[in-house]
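What follows is a single structure, written as structure tokens, with notes after it.
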Number of protein chains: 2
Amino acid sequence: MQRYDEAFLLEILNKAALFSGLETAVLRAALQHAHTHHFPRQSYFFHQGEAAETFYILLEGRARLTQLTPEGHQVTIRYVGPGDAIGIIVALSNTTYPISTEAITDCTTLAWHANTITKLMEQYPRLAINALKLVAGRFIQLQKQYQELATERVEQRVARALLRLIRQTGKRTESGIIIDMPLSRQDLAEMTGTTLYTVSRILSQWEQQGIIEAGRQQVIIHHPHSLVKIADDLPR
Amino acid sequence: MQRYDEAFLLEILNKAALFSGLETAVLRAALQHAHTHHFPRQSYFFHQGEAAETFYILLEGRARLTQLTPEGHQVTIRYVGPGDAIGIIVALSNTTYPISTEAITDCTTLAWHANTITKLMEQYPRLAINALKLVAGRFIQLQKQYQELATERVEQRVARALLRLIRQTGKRTESGIIIDMPLSRQDLAEMTGTTLYTVSRILSQWEQQGIIEAGRQQVIIHHPHSLVKIADDLPR
DNA sequence: TGGCCAATTTGCGCTGGCGCAAAGACGGCC
DNA sequence: GGCCGTCTTTGCGCCAGCGCAAATTGGCCA
């Protein structure tokens with residue numbers, strides 16, 4: 001694990017939505033209670049059901065938040081990247097994590113004890129308000145996905161999932177926009193509430209139409225605009 | 001519209017999760033900026049897309065939060081009752097309402113301008129933290145429903161919806177537990193991401209088995225335990 | 001370079017749930 | 001008491017998507 005100097009960490013915190021608008025002195029105080037932690041690829045930050053004692057801010061890497069049903073079905077809630085907060089929702093509730101978080105690339109984090117964050121919020125209302133705004137934004141997003149899951153066909157939802165991933169981790173190259181992380185058919189299925197078979201069939205069809213290029217755990221998008229049309233169920 | 005005296009309103013606020021733990025002086029200050037507003041049955045507090053300028057606490061009645069898709073499908077996010085807060089999520093974001101709120105019985109509310117609530121939160125961190133806890137709880141609930149929608153059969157989801165309604169508005173009578181509000185097949189369909197036809201078929205079947213009694217816009221549950229088993233996909 | 005394993009593809013049959021249409025039931029109102 | 005509108009039921013045909021199974025591909029490691 002690489003060491004980070006305070007200046008670097010302060011800059012990261014400053015850009016993180018949770019700490020926006022707070023004076024440097026406050027950030028510095030927050031950093032005093034934080035420690036960095038590294039998670040290798042495919043390790044877990046925490047598992048669903050464990051006591052929610054730690055709050056993270058992701059510095060580097062990508063992670064996946066998933067929920068496992070009693071029947072063994074896995075559902076992906078969202079992917080997170082640098083600057084994202086993990087665990088605010090449970091930081092002040094003293095319960096267990098409702099989801100698991102898995103590092104899908106090597107990850108570096110800043111970690112706080114949940115109590116520390118609660119105290120900081122009591123001390124700095126701004127921090128609590130930022131957290132509220134953050135959770136509110138995610139809530140609205142989840143609400144939208146809920147509605148899509150309830151009313152749209154699988155093909156539309158897969159298109160939306162890819163468009164979301166483009167926004168989050170899309171990397172423009174000469175051969176198209178590449179989703180810059182390992183992404184299997186199963187992963188896409190868990191994002192959209194369907195099966196890997198159906199995802200495979202849909203991607204094959206799109207590949208024949210030249211919209212995308214699908215490889216092993218990788219997707220390259222040639223015509224994002226076509227995906228927008230598919231997502232909105234418009235004729236092509 | 002009936003008038004309410006301060007003592008009564010203070011008592012309500014005191015019981016509302018949002019204001020828990022705040023001193024009476026603060027509640028009194030909050031009340032000074034509030035006004036009561038009445039919504040007759042089937043009228044709307046606000047519509048999806050309108051500027052989110054008002055924040056409500058429901059004093060009496062029941063309301064339904066719904067989202068309408070571009071294709072005209074309606075999705076119900078949740079039902080609310082006395083003491084519930086409506087619009088916290090957008091109170092401090094200065095955007096538009098992502099949902100509509102409809103009074104399904106006559107409703108009385110306390111209403112604040114969104115700015116007022118924001119200012120109160122800046123002044124009293126406790127209020128912001130309460131709000132965060134509230135939204136966090138709803139988030140976890142929505143996440144659970146999202147997972148259910150993604151992985152369970154319609155029958156299970158309808159059973160869960162009924163069980164949720166029992167918890168919220170169930171009234172024990174000698175003929176069974178009655179859901180104490182008008183509730184059509186269409187309403188249940190919008191709660192579970194299905195169609196009124198499928199809901200009707202499922203309820204008919206349950207009625208034949210003696211689990212429930214389904215009337216016009218009304219459901220009486222005789223054996224809630226059977227619904228639990230159905231929800232969890234256990235043999236009966 | 002060859003072998004192994006995980007990921008992916010695709011055929012096939014099946015079914016849960018959709019959605020139209022028409023009939024029936026209920027409740028409110030004049 | 002009768003009428004009307006809304007809600008509900010149910011038959012019927014259909015299809016999107018599931019899920020097994022088997023073949024294929026591709027990457028990685030020794």
Side-chain angles (χ1 to χ4, degrees), chain A residues 41-42 64 69 71-76 104 148-162 179 181-209 212-220 230-231 233, chain B residues 40-42 64 69 71-76 102 104-105 148-162 178-179 181-209 212-220 230-231 233:
Chain A
R41 193 177 168 200
Q42 295 190 345
R64 180 165 62 144
T69 75
E71 286 81 32
H73 288 113
Q74 192 150 359
V75 174
T76 297
I104 53 168
E148 288 162 5
L149 185 57
T151 61
E152 298 183 348
R153 280 172 304 107
V154 172
E155 194 189 20
Q156 296 176 266
R157 306 203 303 266
V158 174
R160 287 195 197 286
L162 282 181
I179 308 284
M181 66 180 204
L183 182 76
S184 69
R185 308 295 180 270
Q186 178 70 34
D187 294 335
L188 275 169
E190 287 173 6
M191 287 181 77
T192 51
T194 179
T195 62
L196 78 120
Y197 308 109
T198 301
V199 169
S200 175
R201 283 183 251 265
I202 289 172
L203 294 194
S204 294
Q205 190 193 327
W206 289 348
E207 191 157 25
Q208 281 194 344
Q209 300 170 6
I212 64 162
E213 201 178 319
R216 198 184 173 83
Q217 302 205 76
Q218 198 188 64
V219 180
I220 300 172
I230 291 168
D233 204 20
Chain B
R41 193 179 166 199
Q42 296 190 344
R64 179 165 62 145
T69 74
E71 287 80 31
H73 288 113
Q74 193 149 1
V75 174
T76 298
E102 180 189 2
I104 55 168
T105 66
E148 288 162 5
L149 185 56
T151 63
E152 298 182 348
R153 279 171 304 105
V154 172
E155 194 188 20
Q156 295 176 267
R157 305 202 305 266
V158 175
R160 287 195 197 284
L162 281 181
I178 191 168
I179 306 284
M181 67 180 202
L183 181 76
S184 69
R185 308 296 180 269
Q186 177 70 34
D187 293 335
L188 275 169
E190 288 172 6
M191 288 181 78
T192 50
T194 180
T195 62
L196 78 117
Y197 307 109
T198 300
V199 170
S200 175
R201 282 183 252 264
I202 289 172
L203 294 195
S204 294
Q205 191 194 326
W206 290 348
E207 191 158 26
Q208 281 194 346
Q209 298 170 8
I212 64 162
E213 202 178 319
R216 196 187 175 81
Q217 302 203 76
Q218 199 189 64
V219 180
I220 299 172
I230 291 169
D233 204 20

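These numbers come from a predicted model, not from an experiment.
Looking at heavy atoms from C-beta onward, Leu203(A) lies in side-chain contact with Ile212(A) at the 4.5 angstrom threshold.
Side-chain nitrogen and oxygen atoms of Thr195(B) include at least one within less than 4.0 Å of the OP1 or OP2 phosphate oxygen of dC18(C). Applying the 4.0 Å criterion to OP1 and OP2 of dT8(C), one finds that Arg185(A) has a side-chain N or O inside that range. The phosphate of dT10(C) has OP1 or OP2 within less than 4.0 Å of a side-chain N or O from Ser204(A). Put simply, Thr198(A) has a side-chain N or O that comes within less than 4.0 Å of OP1 or OP2 on dC18(D).
Between Leu183(B) atom CG and dT8(D) atom C1' there is a gap of 13 Å when expressed in whole angstrom units. Atom CZ of Arg201(A) and atom C1' of dA16(D) are 11 Å apart (whole Å). Following rounding to the nearest Å, Leu203(A) (CG) and dA7(C) (P) show an atom-to-atom distance of 16 Å. The interatomic distance linking Glu155(A) (CD) with dA16(D) (C1') rounds to 11 Å, in whole Å. Summarising the geometry, the separation between CZ on Arg41(B) and C1' on dG28(C) is reported as 12 Å, rounded to the nearest angstrom. In this structure, CD of Gln217(A) is placed 10 Å from C1' of dG27(D), rounded to the nearest angstrom. Between Gln218(B) atom CD and dT9(D) atom P there is a gap of 13 Å when expressed in whole angstrom units. For the pair Glu190(B) CD and dC7(D) P, the interatomic distance rounds to 11 Å; values are reported in whole Å.
The backbone N or O of Ser200(B) sits nowhere less than 3.5 Å from a side-chain atom of Arg185(B) that would complete a donor-acceptor pair. A donor-acceptor pair is defined here as one N or O able to donate and one able to accept, closer than 3.5 Å; such a pair exists between the side chain of Glu207(A) and the backbone of Ala214(A).
When the nucleotides dA16(D), dG16(C), dT10(D) are ranked by their closest atom to the side chain of Arg153(A), dA16(D) comes out on top.
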Check the pair Leu188(B), Leu162(B) against side-chain contact (heavy atoms from CB on, under 4.5 Å), reporting the backbone distance first and the verdict last. CA-CA 8 Å; Leu188(B) 275 169; Leu162(B) 281 181; 4.1 Å; yes
Does Glu102(B) form a salt bridge (charged side-chain N to carboxylate O under 4.0 Å, His left out) with Arg64(B)? I'd like the steps, not just the answer. CA-CA 5 Å; Glu102(B) 180 189 2; Arg64(B) 179 165 62 145; 2.9 Å; yes
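Remark on DNA chain D: of its neighbouring residues Leu196(B) and Thr194(A), the 5'-side contact belongs to Leu196(B), judged by nearest-heavy-atom nucleotide.
Side chain Arg216(B) to base dT6(D): a donor-acceptor pair is found below 3.5 Å.
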